[in-house]
Amino acid sequence: MKFSLIVATKNRVNEVDRFLRSLMTQSYSNFEVIIVDQNSDDRLMNIVNSYIQTFTITHIQKANPGTSRARNQGLLLAKGDIIAYPDDDCLYPPDILAKVAHFFQTNTTWDGLTVRVMDLDSDKDAFDYCLQKSGKVDHLTAWSLGIGPSMFFRADLAKKVIFDEQMGPGATWVGGEDTDYLLHCLDRDAAIYYDFELFVRHPQPYAIYTSRQLAWREFTYGRGFGYLLKKRNISLSIVLYQLVEPIILIGKYIATGNFRYALPCPGIGLGRVLGYWEGVQKFNQRKFL
């Protein structure tokens with residue numbers, strides 16, 4: 001069973017090196033790496049050359065910008081039985097590929113697997129919405145489990161589903177593309193399992209960004225999330241809760257003295273409202289065309 005690991009990257013060098021270094025420690029070696037490099041220069045060339053003798057790397061240079069577009073481009077070259085989309089700043093624990101391969105080999109009816117996302121340097125969740133119990137993924141839990149580096153799919157499913165190239169970093173709506181992709185897999189009646197015991201690692205955003213960077217990041221991701229709510233035609237009651245949830249979170253974080261977590265919440269709320277409104281305009285206009 002071979003893995004195709006499709007890495008879309010831009011503006012990161014040390015992080016890409018860290019991810020590739022984590023692949024050196026894998027107990028399972030049947031994999032290829034497809035790096036879709038959106039940089040306009042050769043900054044990754046030395047890093048790629050330092051690993052290319054150890055495992056198979058396909059390096060697509062000067063790709064058009066956009067994470068979703070890059071992933072779709074990389075998928076066209078994938079030769080593996082299992083497709084994964086690791087972020088360029090994540091890393092894989094030494095046994096993750098072996099455990100994922102074992103899952104698919106012993107559970108032949110499952111089309112996909114999602115795993116937990118842990119912080120890079122601690123045993124805490126990287127994101128505070130990770131689920132704490134294993135089970136079958138459905139159209140509700142997918143909203144908490146659609147995290148790019150945590151997802152693994154059989155190739156026959158992955159090659160039928162593409163990322164929305166208007167969503168994701170480098171696109172019009174920066175966030176929500178991973179959740180959207182997972183939901184599209186479920187739309188095809190794919191059987192996808194979430195294993196809480198397995199995990200990949202990813203930096204905790206609040207640990208690596210300044211307050212200003214966090215505020216902008218959460219606004220842009222909130223905008224993508226709001227757009228996705230409309231794209232998926234989610235019921236108005238759920239939409240209203242999602243739009244006011246950031247206000248609830250502000251109160252929660254202030255009450256617990258966690259002011260750093262409270263600061264980006266207004267941006268999250270504003271982003272969700274704006275993204276949803278943009279979705280309303282786009283999809284309502286489409287009805288009349």
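Residue numbers run from 1 in the order of the sequence given.
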Distance (rounded to the nearest 0.5 Å) between Thr114 OG1 and Leu145 CG
4.5 Å

Quick check on Met45: does its CE atom have over 12 non-hydrogen neighbours (other residues, nucleotides or ligands) under 6.0 Å away?
yes

Parallel, tilted or perpendicular: ring planes of Phe196 versus Tyr194, cut at 30 and 60 degrees:
perpendicular

Step-by-step side-chain contact (heavy atoms from CB on, under 4.5 Å) determination, Leu97 to Met1:
CA-CA 10 Å; Leu97 292 182; Met1 181 170 285; over 6 Å; no

Looking at Lys231 and Asp164, is any side-chain nitrogen of the basic one under 4.0 Å from a carboxylate oxygen of the acidic one?
yes

Nearest 0.5 angstrom please: Phe55 CZ to Ser29 OG, how far?
11.0 Å

Closest non-hydrogen atom pair between Thr25 and Pro94, with its separation
O-CB, 3.5 Å

Under 3.5 Å, is there a donor on one side chain and an acceptor on the other for Glu165 and Ser68?
no

Over 12 foreign heavy atoms within 6.0 Å of NE2, His102
no

Treating Ile, Leu, Val, Met, Phe, Trp and Tyr as nodes and any side-chain heavy-atom pair under 4.5 angstrom as an edge, say whether Tyr209 and Leu263 lie in one connected cluster.
no

Hey, mind stepping through Leu270 and Phe219 against side-chain contact (heavy atoms from CB on, under 4.5 Å) and telling me if it holds?
CA-CA 7 Å; Leu270 181 60; Phe219 167 76; 4.0 Å; yes

Same cluster for Val239 and Leu249 if Ile/Leu/Val/Met/Phe/Trp/Tyr side chains link at under 4.5 Å?
no

Membership question, hydrophobic clusters at under 4.5 Å side-chain separation (ILVMFWY): are Leu228 and Val280 in the same one?
yes

Compute the ring centroids of Tyr85 and Phe163, then answer whether they are less than 6.0 Å apart.
yes

To the nearest 0.5 Å, tell me how far Cys265 SG sits from Ile250 CD1.
5.0 Å

Can Val117 and Phe199 be said to form a side-chain contact (heavy atoms from CB on, under 4.5 Å), step by step?
CA-CA 5 Å; Val117 183; Phe199 64 89; over 6 Å; no

Assess whether a salt bridge exists between Lys160 and Asp111, defined as any Lys/Arg side-chain N lying under 4.0 Å from an Asp/Glu carboxylate O.
no

Modelled atom types, side-chain donor and acceptor of Asp42 and Gln61, under 3.5 Å:
yes

Under 30°, 30 to 60°, or over 60°: which ring-plane class applies to Trp143 and Phe225, parallel, tilted or perpendicular?
perpendicular

Considering non-hydrogen atoms only, spot the tightest contact between Met167 and Gly175 and give its length.
CE-O, 3.5 Å

Is it true that Asp88 and Arg12 have a side-chain N and a carboxylate O under 4.0 angstrom from each other?
yes

Could you report the tightest heavy-atom contact between Leu75 and Ala158, atom names first, then the distance?
CD2-O, 3.4 Å

Neighbour count >12 (heavy atoms, 6.0 Å) for atom NZ, Lys2:
yes

Contact check, side chains of Val7 and Val36, non-hydrogen atoms, under 4.5 Å:
no

Leu186 versus Ile192: any side-chain heavy-atom pair under 4.5 Å?
yes

Do Arg272 and Glu245 meet the salt-bridge criterion of a basic N to acidic O distance under 4.0 Å?
yes

Please report the closest heavy-atom contact between Ala155 and Gly80, naming both atoms and the distance.
CB-O, 3.3 Å

Under the 3.5 angstrom rule, does the side chain of Arg223 hit a backbone N or O of Ile268 as a donor-acceptor pair?
no

side-chain contact (heavy atoms from CB on, under 4.5 Å) evaluation trace for Ile82 with Phe104:
CA-CA 9 Å; Ile82 304 298; Phe104 282 111; 3.7 Å; yes

Is there a side-chain contact between Met118 and Lys124 in this structure, where contact means two heavy atoms from C-beta onward sitting under 4.5 Å apart?
no

Give a yes-or-no answer on whether the side chains of Tyr28 and Lys99 include a donor-acceptor pair shorter than 3.5 Å.
no

Go through the steps for Arg116 and Asp125 under the test salt bridge (Lys or Arg N to Asp or Glu O under 4.0 Å), then give the verdict.
CA-CA 8 Å; Arg116 194 175 177 186; Asp125 289 313; 2.7 Å; yes

Taking the side chain as every heavy atom from C-beta outward, state whether Val161 and Arg188 have any atom pair closer than 4.5 Å.
yes

Can you establish whether the number of heavy atoms outside Trp110 located under 6.0 Å from its atom CH2 is more than 12?
yes

Check whether any side-chain N or O of Glu32 sits under 3.5 Å from a backbone N or O of Lys79 as a donor-acceptor pair, and report yes or no.
yes

How about Lys252: does its NZ atom have over 12 heavy atoms from other parts shown lying under 6.0 Å from it?
no

Answer with yes or no whether the side chains of Asp128 and Tyr261 bring together a donor and an acceptor at under 3.5 Å.
no

Please tell me if the side chains of Pro169 and Tyr221 come closer than 4.5 Å, counting only heavy atoms from C-beta onward.
yes

Might you point out which heavy atoms bring Arg232 and Asp180 nearest each other, and give the distance in Å?
CD-OD1, 4.2 Å

Hey, can you tell me if His202 and Phe127 have their rings parallel, tilted or perpendicular (30° and 60° cut-offs)?
tilted

Please give me the minimum heavy-atom distance between Ser134 and Glu197, naming the atom from each residue.
OG-N, 4.3 Å

Could you tell me if the side chain of Leu5 sits less than 4.5 Å from the side chain of Leu23, heavy atoms only?
yes

Check for me, please, whether Val13 and Tyr51 land in the same ILVMFWY cluster - side-chain distances under 4.5 Å, paths through other members count.
yes

Carboxylate-amine/guanidinium contact Asp37 Lys62, below 4.0 Å
no

Would you call Asp41 and Arg43 a salt bridge, taking side-chain N to carboxylate O under 4.0 Å as the test?
yes

Passes salt bridge (Lys or Arg N to Asp or Glu O under 4.0 Å), Arg201 versus Asp89? Steps please.
CA-CA 9 Å; Arg201 292 194 178 275; Asp89 59 345; over 6 Å; no

Evaluate the side-chain proximity of Leu182 to His184: yes if any heavy-atom separation is below 4.5 Å, no if none is.
no

Taking atom OG of Ser150 and atom CD1 of Ile96, what is their separation to the nearest 0.5 Å?
10.0 Å

State, yes or no, whether a side-chain contact exists between Gln204 and Leu120 at a heavy-atom distance under 4.5 Å.
no

When rounded to the nearest 0.5 Å, the distance separating OG of Ser50 from CG of Leu20 is 7.5 Å

ILVMFWY network linking Met24 to Ile57, side-chain heavy atoms under 4.5 angstrom
yes

Before we go on, tell me: are the rings of Tyr227 and Phe283 under 6.0 Å apart, centre to centre?
yes

Any chance CD of Gln105 has more than 12 other-residue heavy atoms, nucleotides or ligands included, within less than 6.0 Å?
yes

Distance in Å, Ser4 OG paired with Ile83 CD1, rounded so as to fall on 0.5 Å steps
4.0 Å

With Tyr92 as partner, the option from Phe3, Phe31, Phe19 fulfilling ring-ring contact (aromatic ring centres under 6.0 Å, His included) is Phe19

From CA spacing to verdict: side chain to side chain donor-acceptor pair (under 3.5 Å), Gln166, Lys282
CA-CA 12 Å; Gln166 291 187 312; Lys282 177 180 178 179; 2.3 Å; yes

